[in-house]
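Throughout, numbering of the chain's residues begins at 1 and tracks the sequence. All figures in this text were calculated on a predicted structure; none of them were measured in a lab.
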Amino acid sequence: RVAVMNEGRIAQLGEPREVYEHPQNRFVAEFIGGVNLFAGRVVGYAKGMLTVSCAEADAAFTVEHLGGLASGAEVTLALRPEKLEVSPQPRPELPNRLSGTVRAVAFRGEASSCEVELPGGKMLRVTLPNAARAAPSLKVGDAVWLGFAAAAAVVLAS
């Protein structure tokens, strides 16, 4: 078990994977590993799926969330860089899609790190596994689509 401390108090206590995958607040999400954060407002909830409008991404995201939140509630979505998928075209099987432009690519051996800029200027970090012998063929300036599953993002109360 691990404890994440914030100003002398336990912010979250749990198994390492649980703390990483399900941070309880923004502090823990940012403290444990890289994370992309989206400020948003709840616009709907049905059957375990929350719809969150994020102005900075110019998009509405569908994310899994147990227990509804009132329409209009302000939230933050936390999305780990390895949960984003990159493709040259939008992938219809992913409910959440964004277009962007690759601004940086760094080969790190087991993975490549990328920075993708959204049309509104927000930068997202993406981690791509180098499972094949060839590293991802992304280049600076490439137009790409990012996508993520409804279960990939964590909803944090703002």
Side-chain angles (χ1 to χ4, degrees), residues 1-104 111 113-129 138 142-158:
R1 293 169 51 96
V2 298
V4 177
M5 304 289 288
N6 183 7
E7 296 182 359
R9 296 180 189 261
I10 295 175
Q12 187 169 348
L13 176 67
E15 298 296 322
R17 183 179 189 91
E18 178 69 18
V19 173
Y20 181 80
E21 294 289 350
H22 301 285
Q24 293 178 349
N25 57 53
R26 185 179 179 135
F27 177 82
V28 174
E30 290 180 301
F31 186 81
I32 303 290
V35 67
N36 295 298
L37 298 171
F38 295 95
R41 185 173 306 278
V42 174
V43 294
Y45 180 77
K47 299 180 182 177
M49 294 296 198
L50 198 63
T51 303
V52 178
S53 177
C54 297
E56 64 189 336
D58 193 26
F61 299 126
T62 302
V63 295
E64 288 182 1
H65 185 69
L66 297 176
L69 288 171
S71 224
E74 292 184 13
V75 297
T76 299
L77 297 182
L79 183 64
R80 299 288 182 193
E82 70 275 8
K83 305 293 185 200
L84 283 162
E85 297 187 31
V86 180
S87 61
Q89 300 296 322
R91 295 187 45 205
E93 71 273 17
L94 295 173
N96 303 296
R97 296 179 293 277
L98 298 162
S99 65
T101 303
V102 176
R103 295 296 181 214
S113 296
C114 304
E115 289 184 3
V116 177
E117 183 179 10
L118 301 181
K122 182 171 181 68
M123 296 294 284
L124 298 182
R125 290 179 283 178
V126 182
T127 301
L128 303 171
L138 295 176
D142 282 353
V144 295
W145 283 88
L146 302 174
F148 62 95
V154 176
V155 179
L156 306 172
S158 290

Task: Side chains of Val42 and Leu50 in contact at under 4.5 Å (non-hydrogen atoms) - done: yes
Task: Spacing of CG belonging to Asp58 relative to CG belonging to Leu118, to within rounding of 0.5 Å - done: 9.5 Å
- [ ] Could you check if a side-chain atom of Val155 sits within less than 4.5 angstrom of a side-chain atom of Leu77, using non-hydrogen atoms only?
- [x] yes
TODO: Could you check if a side-chain atom of Pro81 sits within less than 4.5 angstrom of a side-chain atom of Ser113, using non-hydrogen atoms only?
DONE: no
Open item on the list: I'd like to know whether CG of Asn6 has more than 12 heavy-atom contacts from other residues, nucleotides or ligands below 6.0 angstrom.
Closed with: yes
TODO: Indicate the atoms forming the closest heavy-atom contact of Ala149 with Leu94, along with that distance.
DONE: N-CD2, 4.1 Å
Open item on the list: Nearest 0.5 Å, please: how far is CD in Glu74 from CG in Leu69?
Closed with: 12.0 Å
Open item on the list: Looking at every heavy atom in both Thr127 and Ala111, which two are closest together, and how far apart are they?
Closed with: CG2-CB, 3.8 Å
Open item on the list: Within the structure provided, determine whether His65 and Met49 are in side-chain contact (heavy-atom separation under 4.5 Å).
Closed with: no
- [ ] Please report the shortest heavy-atom distance between Ala150 and Pro95, naming the atom on each side.
- [x] N-CG, 3.8 Å
TODO: Output the distance between atom CG (Asn96) and atom CZ (Arg91), rounded to the nearest 0.5 Å.
DONE: 12.5 Å
TODO: Kindly compute the distance separating CD (Glu85) from CG (Leu146), expressed to the nearest 0.5 Å.
DONE: 10.0 Å
Task: Rounded distance [0.5 Å steps], CH2 in Trp145 versus CG in Leu84 - done: 14.0 Å
Open item on the list: Contact between Leu128 and Leu138 at the side-chain level, heavy atoms closer than 4.5 Å - yes or no?
Closed with: yes
Open item on the list: Determine whether a donor-acceptor pair (N or O, by modelled atom type, separation under 3.5 Å) exists between the side chain of Arg41 and the backbone of Gly72.
Closed with: yes
Task: Considering all heavy atoms, the nearest Ala60-Thr51 contact - done: CB-CG2, 4.2 Å
Distance-only donor-acceptor pairs under 3.5 Å for side chains of residues 19-39, two or more places apart:
unit_1	atom_1	unit_2	atom_2	d
Tyr20	OH	Glu82	OE1	3.1
Tyr20	OH	Glu82	OE2	2.6
Glu21	OE1	Lys83	NZ	3.2
Glu21	OE2	Lys83	NZ	3.2
Asn25	OD1	Phe27	N	3.1
Asn25	OD1	Val28	N	2.9
Asn36	OD1	Arg125	N	2.8
Asn36	ND2	Leu79	O	3.4
Asn36	ND2	Arg125	O	2.8

